[in-house]
Amino acid sequence: KAGVTQTPRYLIKTRGQQVTLSCSPISGHRSVSWYQQTPGQGLQFLFEYFSETQRNKGNFPGRFSGRQFSNSRSEMNVSTLELGDSALYLCASSLRSATEFSGNTIYFGEGSWLTVV
Amino acid sequence: GEDVEQSLFLSVREGDSSVINCTYTDSSSTYLYWYKQEPGAGLQLLTYIFSNMDMKQDQRLTVLLNKKDKHLSLRIADTQTGDSAIYFCAEDWGYQKVTFGTGTKLQVIP
């Protein structure tokens with residue numbers, strides 16, 4: 001079956017603009033999470049959604065937001081872009097449901113490379 | 001704390017074994033993972049271990065967990081050039097919040 005799909009793969013934005021990234025999870029996966037990867041900070045958790053509800057959030061400013069649709073597809077948005085937002089944004093999906101640890105592993109997409117100039 | 005630490009770099013010769021180490025700080029994590037990232041790609045799940053296990057073997061991969069010392073290792077037997085990548089260990093906090101290590105870049109010398 002198809003893996004986690006992220007679009008766009010590459011994009012360049014200007015400081016002050018906003019950006020929306022999209023993620024389609026593996027079919028049947030209802031849990032979607034987002035991570036930011038930078039050379040300096042490594043991989044950092046942004047937030048996780050399940051059934052259109054945000055269940056967990058990392059330590060990022062309010063400029064970073066997300067949402068999940070009824071078909072489990074998710075989008076994340078970054079407003080008022082800063083140079084430091086340049087990163088690889090990874091989306092992951094899982095079968096994990098209401099239980100905290102269900103043993104279902106997390107599958108990542110190829111990521112969206114964002115460059116802010 | 002949520003720090004997961006790894007050495008930054010490892011170089012081995014093709015055919016040798018590679019051992020990548022990781023230390024984590026929270027023993028309440030239930031699952032610990034190893035992911036592989038090749039250049040320009042996302043993260044590929046290699047293997048995971050449940051916290052009540054000491055060891056897990058999967059073909060060329062062996063994971064060892066020392067919960068007392070909060071130490072996790074990944075051994076790759078008969079390392080190949082295709083194994084060259086960055087390897088991340090990660091601990092699972094639940095609700096899909098996973099804390100990743102800094103990553104170890106594995107270089108395999110032919």
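So that the names make sense, note that chain A is the first sequence line, chain B the second, and so on, each numbered from 1.
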Revision key, fill the gap. Whatever's closer than 4.5 Å to a heavy atom in chain A on B/Leu43 counts as both
Review point. Quick one: what part of B/Gln44 sits under 4.5 Å from any heavy atom of chain A, side chain, backbone, both or neither?
Key: neither
Revision key, fill the gap. If one checks every heavy atom of A/Leu88 against chain B at 4.5 Å, the contacting part turns out to be side chain
Practice item. Consider only side-chain heavy atoms of I, L, V, M, F, W and Y, link residues closer than 4.5 Å, and tell whether B/Ile20 and B/Met55 are in one cluster. Key: no
Check your understanding: What part of A/Leu90 is in contact with chain B, defined as an atom under 4.5 angstrom from a non-hydrogen atom: side chain, backbone, both or neither?
Key -> side chain
**Study point:** NZ/B/Lys105: more than 12 non-hydrogen atoms of other groups inside 6.0 Å
**Key:** no
Review point. Can B/Met53 be reached from B/Leu74 by stepping across I, L, V, M, F, W or Y side chains whose heavy atoms are under 4.5 Å apart?
Key: yes
Review point. Quick one: what part of A/Gln37 sits under 4.5 Å from any heavy atom of chain B, side chain, backbone, both or neither?
Key: side chain
Exercise for review: Mark yes when over 12 heavy atoms from residues, nucleotides or ligands other than A/Arg15 sit less than 6.0 Å from its CZ; otherwise mark no.
Suggested key: no
Practice item. Check whether B/Leu65 and B/Phe50 end up in the same hydrophobic cluster, where Ile, Leu, Val, Met, Phe, Trp and Tyr are linked by side-chain heavy atoms less than 4.5 Å apart. Key: yes
Review point. Between CZ of A/Phe45 and OG1 of B/Thr99, what distance do you get to the nearest 0.5 Å?
Key: 9.0 Å
Point to revise | Path from B/Leu61 to B/Tyr87 over hydrophobic side-chain contacts below 4.5 Å | key: yes
Exercise for review: Only one of B/Tyr33, B/Tyr35, B/Phe88 passes ring-ring contact (aromatic ring centres under 6.0 Å, His included) with A/Phe108; say which it is.
Suggested key: B/Tyr35
